[in-house]
Structures are given as structure tokens and as C-alpha cells.
Amino acid sequence: MAADREPVRSSQGRSAPISCHRRQRDKIQIPEEKKITYCDLPIKQQRRKLIQAVKDNPFLIVTGRTGSGKTTQLPKYLYEAGFSKHGTIGVTQPRKVAAISVAQRVAEEMNCSLGNLVGYQVRFDDCSSQDTAIKYMTDGCLLRHMMVDPDLTKFSVIILDEAHERTLTTDILFGLLKKLFQEKSPTRKEHLKVVVMSATMELVGLSAFFGNCPVVDIPGKIFPVKEIFCDLIGPKDKENSSYVNAVVKVTLEIHLNELAGDILVFLTEQQRRIFLPPPPGIRKCVVSTNISATSLTIDGIRYVVDGGFVKQLNHNPRLGLDMLEVVPISKSEAMQRTGRAGRTSSGTCFRIYNQDFWNQCMPDYMIPEIKRTSLTSVILTLKCLAIHDVIRFPYLERPDEKLILEALKHLYQCDAINRSGHVTKLGLSMAEFPLSPNLTRAILKAAFWGCEDLLLPIAAMLSVENVFIRPGEAEKQKEAELRHQELSSQAGGFNDFATLAVIFEQCKSSTSPPTWCQRYWIHWRCLQSAFRVEGQLREIIRKLKQQPDFPRENYDGPKHEILRRCLCTGYFTNVARRSVGRTFCTMDGHGTPIHIHPSSALYNQESKLEWIIFHDVLVTSKMYVKTVCPIRYEWVKDLLPKLYQFDAYELSSMARHEVTEEEIKRWENKEDLKQQKDKAMKESLKKMQRRNDDKSILDARARFLERKHQRSQGITGTLKETD
DNA sequence: GAGCACTGC
């Protein structure tokens, strides 16, 4: 077996120790790595091993800390070994900047101009050509590419980099690539190879997923980092967000007591300012929310202050809502933070939490995105790739079935799939758009009515970052708010969607858009990307309209209602009706009480409203809806039944049909056992509670006998059958 | 009367 080959270490039986010299992030390393000439990189000694391992195995895992050179050198080695004769060597990155800057560096090293031998492709920027042998791209780009070329016929090697980040797209690509090899598709090239590169991960599981493929480890150097638990936060403070004070305290202490060296501080939000006393010498203190957020120069960082928390966007399938939650970071993330102190010299990492917090509250690894985000778009993509059985898709880690069923339900409600879970013609069109299904559905309705010009700017504005500037200073904030109100009243004063359109159009047609933005406290950079997104969406619609069977419908209602009618087609899943006072109730079956966010033009206007639709929900201190618009009941009346008239079983029936009888039996038994386990757990919990109650002791024996009797009649019988 | 991370097509 290839896994037993000498130079290549199998991952079998290998633990994934948490130690600081193995935790890295590549993005920051990029500028720094430049200083090392590529001849000195540790990966060079493994060159032959790596090439051989790729030749011998369909899948290979390469691990190594940042700075080992795997991102830049491995594709080059494979090119030099002749792999690109059979197709492009594709390297994916989770982020655009990384894809572009790595491509630049490799092109430099190989002495060619970017876009020829070495190129990159990201959204809005394709810098590659027919001659491109090594192509860096975002993982999203590769996923898009697979919708046109599912067998990846153009590629000889696919390298998935930064696999440890476990982005939603990387996880989907894992499954798609695995499937490609399982099915032995006739069009798949014999020589397609897959390399997964990761800094830190549960490598045993990953290797097992890819058929126990070999793992090559590239060692690297790091200076020693002292780890100090400051004991300012313990397990009890898990829900408490007052850790900011602790972070400031530790930072000040470092500044006053420690030797020269810059400080890197990790917090969950941008702080307006962390005050440091006038410096005796000058010391730089960088406050960062997340490592990937900004490319920081980390030269000279000797001290890291780890606040211990991150902000995470989680999707709650029960409520159908996204929630921004502050959660403890994982041990592996903490080690990555630690590593940041030892890049250029030895350093110290101050953790504001104690050892108990580390042991009890921090998971080993972060929960991957696929298990905590809405899967609607991803499931639609899979359906378009003819993967109907989305429940049994080979996930590295299977998301909760509830999450998948919720996505199916949503897709059905948007007409993207039919009752039996098959993708519809409309669904295929929807997958063309890089937008949420709700928004896409609204755009397509507009296109059917021939009024897409109304919707495209709104869609573009909703898919870029928040355009409204909120200055920190109180007076300026007032001014900004007034300007924003001015804009919303120009849009009629009662429709946040229309406000976005007004901003888009006014800025675009102004003589100096940047000045216009300054005046109205709007982020010019966001608008620039909105302009580009609008162009891209317009192009997609143009192509769809060229199809001969593109539906064209007549709109016969009043003109001033057409925008909101289109929005209703997409957002009827997000309808709410006013209940008591300023509270609204969603109509999606959950009946969740919601409130209009103070940033909306409809805030404080609630008494005048009856029915509304909203773009998104944010749960902070209350459940808030943002980007709201009032509607009439008649517009959604016919659509609302669709919110309830579906059968989750039927929607996922594709999965069931393909499952053998035997599998169903096994699955049912598992469920039985699980239920029994749950029941037993609940009972023992109750028991523990009762034990604390003195009065109950006398009854304990009687209950015990009663339960024993029940068990001997009921549960044991079931167990015997399943055995 | 809120605020409050990041990425991607």
C-alpha cells in the first residue's frame, strides 16, 4: 500500500498534538516569507518525495507550518515534474488576496509575467490564459468551474490549500472530489490528482476520508513561545463578555513591565481605542479581531494577548435565523495565536483565561462552517451538479440533518426544487447568480416582468458590505444619521430596499461619486464593488434572456407597486405581521416575535404598519430585522400556503429511495438506541436532581422498583429484537 | 434606541 511507503508517513495512528510550532496561518506569512529565498525553504528537501507521492496516489495530504513553502513550491515542483502536460495545476485558496499575491510571487520566482505560465482567477479578475500551467484561484471559483466542467477535465492536479480553515466551499470540494473518484466517471481523466494542504487539522480523519491516503509532513522552524495563563477569565465567564477589561489590563501590564517588543492583541470587535500611557520607548500595539481580517505586518511582535473569544455567525435551523454569537475560540486557534509571537524571535503569549477555561470551555477544533451555516445555496449547487441525494453526500463531517432539511424546504419555497426534491428549470437559472435564493427569486420575477433594472442595483447593494458609515464621534454620528434619513426620504421614506436603489443611482450619476459618498456618509469602496456586482448580475440576466424559453409575463398592477411585488416573490418566506405594540410576528410557521432594527427607515413607524417583508435577521439583544419594506397582504396571500404545504420526507425522498432496506433497518435501530440513550440520560439527570431533595429519598426505592419493572417489560424486549 | 467577525461566487 502506498501509505506504507517509507518516505511518506501514513496518518494512521498519528495524533494531532496541539503544539505551538505547528499552528499557522498562511496569509500573514506571505510578505514575510518573501525574505527567505525559496532555495532555503524546508520543503526543498522533500521535493522528490512529494513528486513521487503525488504520482503514486490519487489523494495526498501535505501538512506543514506557514513558511514551509508548500503553497508556492509544491505547484512549481509538480510543473517541473511534467504534471501540467495533462492539464492545469489548480491551487485553491479561501481568500482572494492570498490567491493573487501567491500567484504573483510564484510568477516572479519562475521568471514569467503573471497570467502566462502562472496565473490566477478570482471573481471579477481572471488573470490566466491558454498557457497557464499553474493557476491559483479561490475555492469558490473552482466550485463555479465544476458547474461547467464537473469532471475537471482541464486539470491535472487540484491542490486544496488552507484545508484546516474548513470553509464551507472547501468542505464541499472535499466531497465532490471524493465522489469524482468513487464514481469512476468516464470523462474523468486517469491522471487527475488531488492534494490537500493543511497547517493543522485532524489528519487521521482527513486521511481516512480520502481512502487512508498518505500524509507528508514538512517540518519548519519557530522560536520558542512562553505560554502564560493569566487567570482573569474562568469557565464561569463563558457567557460573560466583560473580558475586554481583562485584555486591557494584561496589555498595560506587558507594556509597563516587559522588555521591548510589539504587542498583538486579539479581541472580538474593533476597539475605538485602547489607551496606552505615554511611551518611555515606543511600543506598537496592534488590536486585531481576526487574523484573516487584515494583513498585518508582524515583524517585531513578541507579545500576544489572547482574549479567548471569537464572534461567530451561526444558523439556527429551528428558528430559521442567523445569530451572531460570541464563543470561546478553539485550542487550535489559540495555538495559532500563540505562534504569532514566535515568528522573528522568541516571545510570550498571555492568555487572559485560566487552565480550567482551556480544559472545559475551549473545543480542540472550531466547528466547521458547514455545520453551523445556512446550507441553502450550497444544496442548490449540489442539486445542479446532479447530486440529488444531498443527505448521503460524502461530507467530511455531516451537517445536522435538520440543517439540510431546512435548506431543502427553503429551496422548495423559492421554486428552485420541486416536491420530490429535483432541481427545477428555475432552480438551474437561480444557481447562476452569486446571491441568496430569496434575492435571486426576486430578480428573476423582475426579469420575467421586464423590470430587472429596478432590482439589480438593490441586489448589488445587498450583496456588498454595509454601505452606511457610522462615525464613532457623537456629533458626526448625528450628522451621518441625518444624511442617511435624507436619502431614505428621497426613496419615499418607507422602504429600505428603495433607499439602497436611490443611493446606487444617485452616486452613479453624480459628477464626482467619491465626493457624493463623502457628503452622504457612504462607503465609496462598497459602492464601487456594488457597481461591479450589478454589472455581473446584469450580464447573467442578459444571457438567460437569450434562451428561447425564457418566460415573459405581463404585469398589470400599478407601476409604483412593481418593485415591492417583485420583492414579495422572493421574500415571502420573510413575511411578518404586526402583533402587539411594536412587535411583529413571522409567518413562516415559527411565529417568532421580531422587531424592526433602529437603522431602518421604518423604525418608530411601526404603528402605521401591518405587513412587512425583510431581508435579514440579526439576533443581538433582541431579534431584529434589517432592510424592511411594507407590503399588502394580497401580494403574498397566494404565496403563503407554500410556507406550510410541503413534506420534508418527500423533499428528501431521493435519499430514501436509494437507501437499501437493510440500511434503513440499521438506521432505525440506531435511532432506537439513540432515543433510549437520550431517555436514559434524562432519567439519570432527573434522578440526580431528586437525590438532592431530602423528601424524595423515601420514595426512591419504590420508584426504582417501578422503573425496573417497566424496563423488564418494555425496553429490554426491544433490545433483544434489535440484537 | 442600536452598536458587535470574516470570507466567497
Side-chain angles (χ1 to χ4, degrees), chain A residues 25 27 92-100 121-126 137-148 162 165-173 241 243-244 266-272 287-295 307 309-314 322-327 329 333 366 368-370 372-373 377-378 380-381 384 430-437 439-440 459-460 463-466 468-472 474 477-478 480-481 484 529 532-533 535-537 539-540 582 595-600 602-606 618-626:
Chain A
R25 284 277 190 161
K27 191 182 161 195
T92 69
Q93 296 287 325
R95 282 171 299 279
K96 282 194 211 179
V97 255
I100 297 171
Q121 188 186 347
V122 299
R123 190 186 188 184
F124 299 128
D125 195 1
D126 183 359
M137 56 194 151
T138 47
D139 46 17
C141 261
L142 184 64
L143 190 58
R144 279 275 138 181
H145 178 88
M146 286 191 83
M147 297 190 61
V148 194
E162 310 284 17
E165 289 193 23
R166 300 293 304 278
T167 65
L168 186 55
T169 347
T170 309
D171 265 24
I172 291 297
L173 286 171
S241 58
Y243 59 92
V244 177
F266 288 103
L267 276 175
T268 54
E269 57 241 31
Q270 298 290 352
Q271 294 300 299
R272 295 254 181 259
V287 183
S288 164
T289 46
N290 205 324
I291 323 174
S292 56
T294 35
S295 29
F309 291 88
V310 270
K311 226 166 251 177
Q312 215 173 55
L313 189 69
N314 294 329
D322 288 336
M323 301 190 186
L324 198 58
E325 290 173 307
V326 177
V327 296
I329 59 167
E333 285 170 291
M366 194 183 44
E369 215 181 345
I370 200 166
R372 25 164 269 253
T373 39
S377 293
V378 156
L380 181 58
T381 309
C384 289
M430 284 170 69
E432 298 285 319
F433 291 85
L435 298 171
S436 76
L439 201 46
T440 308
S463 66
V464 298
E465 285 170 276
N466 182 23
F468 299 101
I469 297 174
R470 285 182 54 83
Q477 196 172 312
K478 271 247 165 90
E481 269 174 32
H484 295 159
S529 33
R532 279 200 295 182
V533 173
Q536 187 191 25
L537 300 177
E539 180 60 19
I540 296 169
R582 299 169 64 175
H595 303 264
I596 295 180
H597 194 271
S599 65
S600 166
L602 300 186
Y603 181 77
N604 266 340
Q605 310 288 326
E606 288 88 345
L618 196 64
V619 184
T620 49
S621 56
K622 279 181 189 166
M623 296 218 188
Y624 284 109
V625 289
K626 299 173 85 177

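Throughout, protein chains are lettered first and strands after them, A, B, ... in sequence-line order, and every chain is numbered starting at 1. Values in this document were obtained by computation on a predicted structure and should not be read as measured data.
B:dC9 atom C1' lies 14 Å from atom CG of A:Asp125, rounded to whole Å. Distance, A:Glu465 CD to B:dA5 P: 11 Å, rounded to whole Å. When rounded to the nearest whole Å, the span between CD of A:Gln605 and P of B:dG1 equals 14 Å. Going from atom CD of A:Gln93 over to atom P of B:dG8 covers 11 Å, rounded to whole Å. Atoms NE2 (A:His597) and P (B:dG1) sit 13 Å apart, rounded to a whole Å. If you measure from atom CE of A:Met623 to atom C1' of B:dA2, you get 17 Å, rounded to the nearest angstrom. Taking atom CG on A:Leu537 and atom P on B:dC9, their separation rounds to 14 Å, with Å as the unit. One can place CG of A:Leu143 at 14 Å from C1' of B:dT7, the figure rounded to the nearest angstrom.
Judged by closest nucleotide on DNA chain B, A:Lys478 is the one of A:Asp139 and A:Lys478 placed further toward the 5' end.
Checking each of A:Arg166, A:Glu369, A:Glu165 against A:Asp171 for a side chain to side chain contact (heavy atoms under 4.5 Å, CB included) leaves exactly one that passes, namely A:Arg166.
For A:Glu465, the CD atom is loosely surrounded, since the number of other residues' heavy atoms within 6.0 Å does not exceed 12.
Within the 4.5 Å cutoff, the side chain of A:Cys384 has heavy atoms near those of the A:Met147 side chain. In this structure the side chain of A:Pro437 reaches within 4.5 angstrom of the side chain of A:Ser377, judged on heavy atoms.
With B:dC9, B:dA5, B:dG3 as the choices, the nucleotide that has an atom nearest any side-chain atom of A:Lys311 turns out to be B:dA5. In this structure, the nucleotide among B:dT7, B:dG1, B:dG3 sitting nearest to the side chain of A:Tyr603 is B:dG1. Candidate nucleotides B:dA5, B:dG1, B:dC9 were compared by shortest atom distance to the side chain of A:Glu481, and B:dG1 ranks first. Distance from the side chain of A:Thr138 is smallest for B:dC9 among the nucleotides B:dA5, B:dC9, B:dG3. Comparing atom distances between the A:Arg95 side chain and each of B:dT7, B:dG3, B:dC9 picks out B:dT7 as nearest.
Across all strands, A:Tyr624 comes closer than 4.0 Å only to sugar-phosphate atoms, never to a base (heavy-atom distances). Heavy atoms of A:Leu168 sit nowhere under 4.0 angstrom from any nucleic acid atom.
At the phosphate of B:dC9, OP1 or OP2 sits under 4.0 Å from a side-chain N or O atom of A:Lys96.
Taking the charged nitrogens against the carboxylate oxygens, A:Glu432 and A:Arg144 have no contact shorter than 4.0 Å, which rules out a salt bridge.
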